[in-house]
Each structure stands twice: as structure tokens, then as C-alpha cells.
Q: 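Quick one: structure below, then a few questions.
Within every chain, numbering begins at 1; the chains are lettered A, B, ... in the order of the sequence lines, protein sequences first and strands thereafter.
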Amino acid sequence: MYFDSPVGRLAAHFDGELLCRLEFLAGPELEQAPERAPVPTKAPMQTLARQLRAYFISPANGFDLPLQPAGTAFQQRVWQALRRIPAGETRTYGELAAQLGSSARAVGNACRRNPLPLVVPCHRVVAASGPGGFCGQTRGPAMAIKHWLLRHEGAA
DNA sequence: TTAGGTAGTCTCG
DNA sequence: CGAGACTACCTAA
């Protein structure tokens, strides 16, 4: 595998399944709506590529990026909480809800809107009984990727 | 398995 | 703005 900026293409050379996820991660959201997700000048992209490469080698390598994903105040709080979940661990929607003084369903809503899956690790959030969802899907290829990520981190 | 409760967001009008 | 209809949910029965 090798990564080549921009991130969307970076995905294209990973293994079959992760490919589409990484494309989603940085492709449409970042490149088509820069005013809503004002990240990608060249240097941060290279940093992201470097950190992604490190993460795939070992999930202990996390992400440290100057992110400013666009979202409501509540969504910002949820995404912030997600970034505090260590690799290899999971939380349920309900646990996060209790921690934020909200409801499980509302947390699920915010996770669904996460524009930077993987970097903001929404894959570490599962339902109390069941796997939850990923990238707006509750089944299909996106879920296969969620499982792959959790396995990669040793959480499954 | 379902029924009802929940909070945040979106869509109409 | 306001009502209603969505959800990557949860708990009790």
C-alpha cells in the first residue's frame, strides 16, 4: 500500500475494501466544499497521509491534525468526545449520551454526520446490542470497513 | 420482539 | 418560526 496526496487517491492504493472508505474520508467532503471543511492546503494533506500510513502500520499511532469540521455545536461536542476514545476501545451510543447529557439517538445522529471517519473515530462507537452503523450505513460495504477497523485495532 | 421514550436535525409551509 | 417526520439508540415487558 502507498499513499499519495490528495487523500482520495491515497485510498485508491490500499486494499480493496478500505479503498472506498478513504475516498469518502477526504474526497467529496474536503475537496468539493472547502468552505465548509477548510482544511486541505498542501502541508496538512501530507501530514494526514503520513499519519494514515502510520495508523495502518499500527493503530496505536493516532491522529493529531488541525481539524475544523463544519457542524452544529452539539455535533462538535460529540466529535470531540469521539477523539478521546483510545484505539482498541469502544463506547456505546448510550455511554456517550450519558457523558454528554443527551440521548443515544441524538449521538447516533451526530456520528452519522461525521465528515472525517477514521480520523474522528466514529467506528469505535457501537450499539448496546449490535454493531451500530458507519458512514450512514447499517449494512453493506461500509459496515465491512467498520469491522475491519475494529479488528485492526484489536477491539473486535 | 415490540412499544414507547428520547434528543437533535431536517423539511415543509 | 412551528409542526411533524425522520434516525448509526435504549430499556422494559
Q: Return whichever of Arg105(A) or Arg113(A) has its heavy-atom-nearest nucleotide of DNA chain B closer to the 5' end.
A: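 This one resolves to Arg105(A).
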Q: Grouping I, L, V, M, F, W and Y whenever their side-chain heavy atoms are under 4.5 Å apart, do Val126(A) and Met143(A) come out in a common cluster?
A: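 Per the 4.5 Å side-chain linkage, Val126(A) and Met143(A) are not co-clustered.
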Q: Using a 3.5 Å cut-off on both pairing distances, which stems of three or more Watson-Crick or G-U pairs include DNA chain C?
A: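 Stems for DNA chain C, defined as runs of 3 or more consecutive pairs: B:1-5 with C:9-13, B:7-13 with C:1-7.
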Q: Send over the distance from Tyr93(A) OH to dC9(C) P, rounded to a whole Å.
A: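 From Tyr93(A) OH to dC9(C) P: 6 Å.
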Q: Would you name the heavy atoms of Ser103(A) and Ala97(A) that are closest together and state the gap between them?
A: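 Closest approach of Ser103(A) to Ala97(A), heavy atoms only: C-CB, 3.3 Å.
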Q: Any donor-acceptor pair under 3.5 Å linking the side chain of His123(A) with the backbone of Ile145(A)?
A: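 Between the backbone of Ile145(A) and the side chain of His123(A) there is no qualifying donor-acceptor contact (under 3.5 Å).
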Q: Separation of Gln99(A) atom CD from dC10(C) atom P, in whole Å?
A: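 The distance from CD of Gln99(A) to P of dC10(C) comes to 14 Å, rounded to the nearest Å.
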Q: Between which nucleotides of DNA chain B, read 5' to 3', does contact with chain A run, using atoms under 4.0 Å from its heavy atoms?
A: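 Listed 5' to 3', the contact boundaries are dG5(B) to dC10(B).
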Q: Checking all strands, does Phe74(A) fall into the base, sugar-phosphate, or nothing category for heavy-atom contacts under 4.0 angstrom?
A: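 Sugar-phosphate contact only - Phe74(A) comes under 4.0 Å of backbone atoms but never of a base.
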Q: Filter on salt bridge (charged side-chain N to carboxylate O under 4.0 Å, His left out), then keep only pairs touching residues 58-71 of chain A, sequence neighbours left out; what's left?
A: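 Found none.
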Q: Looking at side-chain heavy atoms only, is the closest gap between Leu116(A) and Phe63(A) below 4.5 Å?
A: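 No. Closest side-chain heavy atoms not under 4.5 Å.
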Q: With a 4.5 Å heavy-atom cut-off, do Val78(A) and Asn114(A) have their side chains touching?
A: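 Not touching, per the 4.5 Å side-chain cut-off.
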Q: Checking all strands, does Gly136(A) fall into the base, sugar-phosphate, or nothing category for heavy-atom contacts under 4.0 angstrom?
A: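 Here Gly136(A) touches the bases of the nucleic acid.
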Q: Side chains of Trp79(A) and Arg83(A): closer than 4.5 Å at any heavy-atom pair?
A: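 No, too far: nothing below the 4.5 Å cut-off.
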Q: With a 3.5 Å distance limit and no angle check, can you tell me whether Glu89(A) reaches the backbone of Pro86(A) through a side-chain donor-acceptor pair?
A: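 A pair under 3.5 Å: no.
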